[in-house]
Each structure stands twice: as C-alpha cells, then as structure tokens.
Amino acid sequence: MRVTRTQRYKKMKKKKVFRRGFMNIGVLFVVAICLYSVYPLSNWGENFSWASESSSSDSAATSSLAASSNQVTYKEAQGKVTGIAEQHTIEVDIDGKVTAFHCQGNSKCETLIKELAIDDAIVLYYSPDKNGQNQIMDMAVIYTPKKGDLVQYIEATYSGMADSHTIEVTLPKQISAAYQLRGSLLKENINEKFKSGDRVLLTGIKTEDGIIIWNMEKPQN
C-alpha cells in the first residue's frame, strides 16, 4: 500500500509528540528523586504556608497562656481597721480574722493610711506579692464612727467614658454627672459591658474629693 507524503508527516509528528512526553516524564521523575534526597518526606509539610501559619499560631497561643499564668491576680475585701503600723501597713479584721496589708512605695495609698482611724470600715483592692505580703492597689473608707455610712447607691443611665477612669451618666431629672472609677473597675473594659443608654446601679463612696464608684452593674429589675 502506497503511503502518501501527508500520511508520513502525520506519523513522524506522532512519534515526536510521544518522545517529548516520555522525556518530560523522565525529567519530572529525576527532579522528584533529587527533592526527596534533599528534603525528607516528613519535612515537606513545613515548607507550606498553612504549616508555617499553624506552627506560629500554636506558639503564639502557648506564649499567651504563659503570659496569662504570670498575670497578677487582684482580690477585693471589706473589713474594719484594727491597727495602723508605721506609714504603710494596716491590720484589718475581715470576718473575724486579722490580716495585714501593705502599700509601701504607693504614695497615694500611704496618704490614705494617714487619714485612717481605728474602727474605720474599708474596702480593699489588693494582690499578694512574691513574698506573700498583701499589697494594696486601692482602698476607700466606707464607714467611720464620726461620719457614719459613706456608701451611696445611685441609679442612672450610662452615657459613656470621659476618660480611662471616669464615667459619664445621666441622673434623674436629666442631670448629667461624672464619677471616677476605683478598685476593680479600673481593670475592666466598661464599654464592653455597658452601652450608652443602659440603666446602671452604681455603688458610690463619699470622699473629700467627691463620690467615687467602686461597683457598677445593671439593675436586676
């Protein structure tokens, strides 16, 4: 059977395509062997972006947990002053147990201690240090034999934060007021817990500088 020039050309073209495909497979096979010899199979995943991101996020989570375990834990307590030692230490009767509290190096706290008297009732915000001593972060007098009860309960409408330690509220008869926060409230994100327009119940303490707010919550009713 006679083969035309066109048919011969088609057959040659098919052979070339087949050879080229075979050569490409061979090249890929050689490259794969080289890569395997340089990077063991168990390490390949480390070179992908998802593996790097997962590794970094795991390490970040571990660091975060480590940081949180080292964070200072603050406590709150109420009691009656039974003793004042030096300028930075007081003894407080808390539920029948006398405990010592210190504020060495805290000038504001030392000033408050100078104004205390025996039998004053106080609220404390403190943290035990590495030596086991209770270090006062903040405190306020809530009762004195001379002045009586200094605690006030205020119902208001929350407006917002004037700064990091002052809230703005609207009292009855549309009276605007601003109060300084104290104690554990200084550590809270108030704007996450309360929105403008929320009704709030404030526990205030009368001081020479005005009423300070020690507790803030939403009314139950």
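We number each residue from 1, following the sequence as shown. Given the structure is predicted, the values throughout are model-derived calculations rather than measurements. In what follows, every heavy atom counts, from backbone to side chain, and hydrogens, waters and symmetry copies are set aside.
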Report task. With the side chain counted from C-beta on, respond yes when T166 and L181 share a heavy-atom pair under 4.5 Å apart, and no when they do not. Result -> no
Query - Which atom of S159 lies closest to which atom of S196, heavy atoms considered - result: O-OG, 3.3 Å
Query - I205 versus A140, closest heavy-atom pair with distance - result: CD1-CB, 3.8 Å
Report task. Give the C-alpha distance, both sets of side-chain angles, the deciding distance and a yes or no for side chain to side chain contact (heavy atoms under 4.5 Å, CB included) between Q78 and I142. Result -> CA-CA 9 Å; Q78 293 184 27; I142 57 178; 3.7 Å; yes
Query - Gap separating the CD atom of E115 from the CD1 atom of I84, nearest 0.5 angstrom - result: 11.0 Å
Report task. Answer yes or no: is there a side-chain heavy-atom contact under 4.5 Å between V141 and L116? Result -> yes
Report task. State, with a plain yes or no, whether a side-chain heavy atom of N191 is found less than 4.5 Å away from one of N189. Result -> yes
Query raised in the report: Linking I/L/V/M/F/W/Y whenever any side-chain heavy atoms sit under 4.5 Å apart, do Y125 and Y143 land together?
Result: no
Requested in this report: Identify the heavy atoms of M216 and V200 that sit nearest to each other, and give their distance.
Outcome: CE-CG1, 3.9 Å
Query raised in the report: M139 and L124: which non-hydrogen atoms are nearest, and at how many Å?
Result: CB-CD2, 3.6 Å
Report summary line: Output for pair (I212 CD1, Q180 CD), nearest 0.5 Å, gives 8.5 Å
Query raised in the report: When you check the side-chain N and O atoms of D138 and Y74, is any donor under 3.5 Å from an acceptor?
Result: no
**Report entry** Verdict with supporting geometry, I167 and L202, side chain to side chain contact (heavy atoms under 4.5 Å, CB included)
**Finding:** CA-CA 11 Å; I167 60 168; L202 309 174; 4.1 Å; yes
Report task. Answer yes or no: are there more than 12 heavy-atom neighbours, outside Q133 itself, under 6.0 Å from its atom CD? Result -> yes
Query raised in the report: Can K80 and D120 be counted as an ion pair, charged N to O under 4.0 angstrom?
Result: no
**Report entry** Contact check, side chains of K97 and T99, non-hydrogen atoms, under 4.5 Å
**Finding:** yes
Query raised in the report: Is a side-chain N or O of N106 found less than 3.5 angstrom from the main chain of C103, in a donor-acceptor match?
Result: no
Requested in this report: Check for a donor-acceptor pair, side chain of D149 on one end and backbone N or O of V151 on the other, with a separation under 3.5 Å.
Outcome: yes
Report task. Check the pair S127, M137 against side chain to side chain contact (heavy atoms under 4.5 Å, CB included), reporting the backbone distance first and the verdict last. Result -> CA-CA 7 Å; S127 173; M137 176 190 171; over 6 Å; no
**Report entry** Over 12 non-hydrogen atoms of neighbours within 6.0 angstrom of CG in D95
**Finding:** no
Query raised in the report: Going from CD on E168 to OG on S176, what distance comes out if it is rounded to the nearest 0.5 angstrom?
Result: 8.0 Å
Report task. Answer yes or no: is there a side-chain heavy-atom contact under 4.5 Å between I136 and I90? Result -> yes
Requested in this report: Start with the C-alpha gap between I122 and V81, add the side-chain angles, then the distance that decides, and say whether side chain to side chain contact (heavy atoms under 4.5 Å, CB included) holds.
Outcome: CA-CA 7 Å; I122 61 174; V81 177; 3.9 Å; yes
**Report entry** Side-chain donor or acceptor of T111 paired with backbone N/O of S107 under 3.5 Å
**Finding:** yes
Report summary line: Shortest non-hydrogen pair, H165 vs D163, comes out as N-OD1, 2.9 Å
Query raised in the report: Is there a donor-acceptor pair under 3.5 Å between the side chain of R199 and the backbone N or O of K218?
Result: no
Query raised in the report: Would a distance-only check, ignoring hydrogens and angles, find a side-chain to backbone donor-acceptor pair under 3.5 Å from T82 to E91?
Result: yes
Query raised in the report: With side chains defined as the heavy atoms from C-beta onward, is the minimum distance between R182 and W214 less than 4.5 Å?
Result: yes
Report task. Under the salt bridge (charged side-chain N to carboxylate O under 4.0 Å, His left out) rule, collect the residues that match up with K187, sequence neighbours excluded. Result -> none
Query raised in the report: Any side-chain heavy atom of Q152 within less than 4.5 Å of one from I211?
Result: yes
Report task. State which residues pass salt bridge (charged side-chain N to carboxylate O under 4.0 Å, His left out) with K108; sequence neighbours excluded, sorted by chain then number. Result -> none
Requested in this report: Indicate the atoms forming the closest heavy-atom contact of L171 with A156, along with that distance.
Outcome: CD2-CB, 3.8 Å
Report task. For I94, check side-chain contact (heavy atoms from CB on, under 4.5 Å) against everything at least two apart and list the hits. Result -> A77, V92, F101
Query - Separation between CG of D198 and OH of Y158, rounded to the nearest 0.5 Å - result: 9.0 Å
